[in-house]
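To start, the structure itself, in structure tokens.
Atom set for the values below is all heavy atoms of this structure, side chains included, hydrogens, waters and symmetry mates excluded. All values reported here derive from a predicted model rather than from experimental measurement. Just so you know, ligand 1 is whichever comes first in the structure, and atom 1 is the first atom listed for that ligand.
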Amino acid sequence: MMMKFLNILFLGAILLVSCKPQDASVTKIQKPIVISTWDSGVEVNDAAWKVLAQNGRAIDAVEAGARYIENTRNCCVGTQGNPDRDGHVTLDACIMDDRYNCGSVAFVESVKYPSSLARLVMDSTPHVFLVGEGAKLFARQMHQEMTNTELSPEAQKEYNKWLEKSTYKPVPNIENSESKSSMESVPGKLQNGEFNHDTMGVLALDDEGNLSGVCTTSGMAFKMHGRVGDSPIIGAGLYVDNEVGAATSSGVGEEVIRISGSHTVVEYMRHGFTPEEACKKTVERIVNINPEKAKSLQVGFIAINKKGEIGGFSILPKFTYSVSIDSTKAQVYTAKSWFN
Ligand code: GLY
């Protein structure tokens with residue numbers, strides 16, 4: 001009798017365990033999903049989504065997104081972007097997949113799709129990083145679409161306006177410098193008051209649960225000829241660890257390089273921080289270097305983890321990012337910022 005009673009108790013316990021609702025913390029993985037820097041990411045996400053919607057790979061989706069923006073006129077990405085202070089448009093881009101494969105190009109001119117060139121460095125060479133004339137030569141060898149070096153009419157107009165006020169004063173390092181000349185050499189804002197860098201970073205998690213990312217830019221407008229920012233540097237402008245998450249940045253590249261920004265965001269996620277917390281802690285690292293200087297710098301990070309959770313954070317207000325989880329128009333979020 002006692003034995004029978006115990007058996008019933010045991011069976012009841014099994015039933016109870018098997019009927020236990022799912023732990024609330026185990027949320028459904030949000031995939032596929034694509035996120036991009038700024039509100040210009042809305043159309044970028046559309047292009048990327050077309051790939052993801054057909055069970056495409058994240059790496060193909062982010063490249064499609066980057067190609068979209070590289071083919072438009074905007075201040076800060078592609079051959080129609082604003083030039084350096086000598087009147088040359090020089091482009092930087094990098095790309096990274098879910099298997100630690102990565103490719104970068106920097107200081108390259110006349111290449112219509114630098115993100116695809118970075119992909120070719122990744123897929124078709126034993127190297128990670130090609131720059132300048134070598135990168136351009138490789139683009140020609142790989143039959144990449146090339147443009148002439150003429151500035152777009154809008155970029156020419158911006159450049160003419162900049163030339164009216166600015167003098168050529170090489171300042172190799174603006175760190176901790178408050179001098180007017182150094183600010184002129186690397187202006188924080190365009191003539192129209194907008195920040196002069198709207199780098200496009202795109203991160204995607206595909207249906208298979210794999211992450212990839214891309215980062216592409218014409219760099220800071222009116223920069224010194226030869227200057228390269230964070231965008232083509234794996235670990236600075238972009239980092240993807242398929243075990244953990246991915247991150248990318250936009251803003252003053254010098255500040256991102258000195259703390260290996262995107263890699264730092266991913267490492268914070270590895271240690272359990274949410275994407276937004278990880279971006280915030282990384283921004284804090286920049287701010288702590290020089291809190292006074294940070295008040296006039298814009299840097300923003302966006303991040304995604306393996307669960308498809310996303311987040312962003314910036315030093316100054318008004319850093320936005322675009323998020324798509326289906327084929328409808330991307331949702332634009334304004335990231336929280338260190339200073340308000
Ligand atoms: N983040 C883009 C650049 O500094 O060039």
Side-chain angles (χ1 to χ4, degrees), residues 36-38 40-41 44 66 69-70 74-86 88-96 104-109 111 114-115 118 129 131-132 135 155 158 171-175 182-183 185-190 194-203 213-239 247-265 279 282-283 286 293-294 296-303 312-316 318-321 335:
S36 305
T37 50
W38 303 105
S40 48
V44 167
I69 192 108
E70 286 166 351
N74 66 81
C75 64
C76 311
V77 179
T79 53
Q80 300 176 67
N82 290 328
D84 64 19
R85 60 190 183 187
D86 292 346
H88 303 276
V89 179
T90 67
L91 307 173
D92 304 331
C94 73
I95 195 161
M96 188 162 187
S104 307
V105 294
F107 190 48
V108 64
E109 288 182 60
V111 173
S115 58
F129 209 158
V131 302
E158 278 289 342
V171 178
N173 188 350
I174 65 162
E175 190 182 9
S182 67
M183 295 314 284
S185 72
V186 190
K189 300 213 172 152
L190 293 172
E194 296 285 318
F195 284 111
N196 75 3
H197 31 74
D198 277 313
T199 298
M200 179 51 61
V202 192
L203 308 172
V214 69
C215 189
T216 180
T217 190
S218 52
M220 202 174 271
F222 322 126
K223 61 196 175 185
M224 288 176 72
H225 189 57
R227 179 265 187 190
V228 171
D230 58 324
S231 303
I233 299 176
I234 297 295
L238 175 72
Y239 196 68
T248 187
S249 62
S250 185
V252 184
E254 283 75 3
E255 307 310 315
V256 178
I257 292 171
R258 63 178 106 253
I259 60 147
S260 301
S262 293
H263 184 262
T264 299
V265 174
C279 292
T282 305
V283 159
I286 297 176
K293 182 181 156 195
S296 60
L297 292 173
Q298 179 60 307
V299 170
F301 293 99
I302 59 170
F313 204 88
S314 57
I315 300 181
L316 299 178
K318 297 193 180 158
F319 173 56
T320 56
Y321 58 101

In terms of atom number and element, which parts of ligand 1 are under 4.0 angstrom from non-hydrogen atoms of [X]?
X      : answer
Gly219 : 5 (O)
Gly251 : 1 (N), 2 (C), 3 (C), 4 (O)
Thr199 : 1 (N), 2 (C)
Met220 : 5 (O)
Ser231 : 1 (N), 2 (C)
Asp230 : 1 (N), 2 (C), 3 (C), 4 (O)

How would you list, by chain and number, every residue that makes a ring-ring contact (aromatic ring centres under 6.0 Å, His included) with Phe319, sequence neighbours excluded?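 Partners of Phe319 under the ring-ring contact (aromatic ring centres under 6.0 Å, His included) test: Trp38.
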
Partner set under ring-ring contact (aromatic ring centres under 6.0 Å, His included) for Phe301, not counting sequence neighbours: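 None.
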
Heavy-atom check, side chain of Arg85 versus side chain of His225, under 4.5 Å: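 Not in contact.
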
Between Gln298 and ligand 1, which residue portion shows a heavy-atom distance shorter than 4.0 Å: side chain, backbone, both, or neither?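 The answer is neither; Gln298 stays 4.0 Å or more away.
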
Using atom types as modelled and distance alone, determine if a side-chain donor or acceptor of Lys223 lies under 3.5 Å from a backbone N or O of Gly229.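 Flag not set: sc Lys223 to bb Gly229 has no pair under 3.5 Å.
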
Any donor and acceptor pair, going by atom type alone, linking the side chain of Ser218 with main-chain N or O of Leu91 inside 3.5 Å?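 Side chain of Ser218 to backbone of Leu91: no pair is present.
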
Which heavy atom of Ile233 sits nearest a heavy atom of Cys94, and at what distance?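 The answer is N-SG, 4.4 Å.
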
Give yes if a backbone or side-chain nitrogen or oxygen of Arg227 is under 3.5 Å from a nitrogen or oxygen of ligand 1, and no if not.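 Yes; the residue has a nitrogen or oxygen that sits under 3.5 Å from a nitrogen or oxygen of the ligand.
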
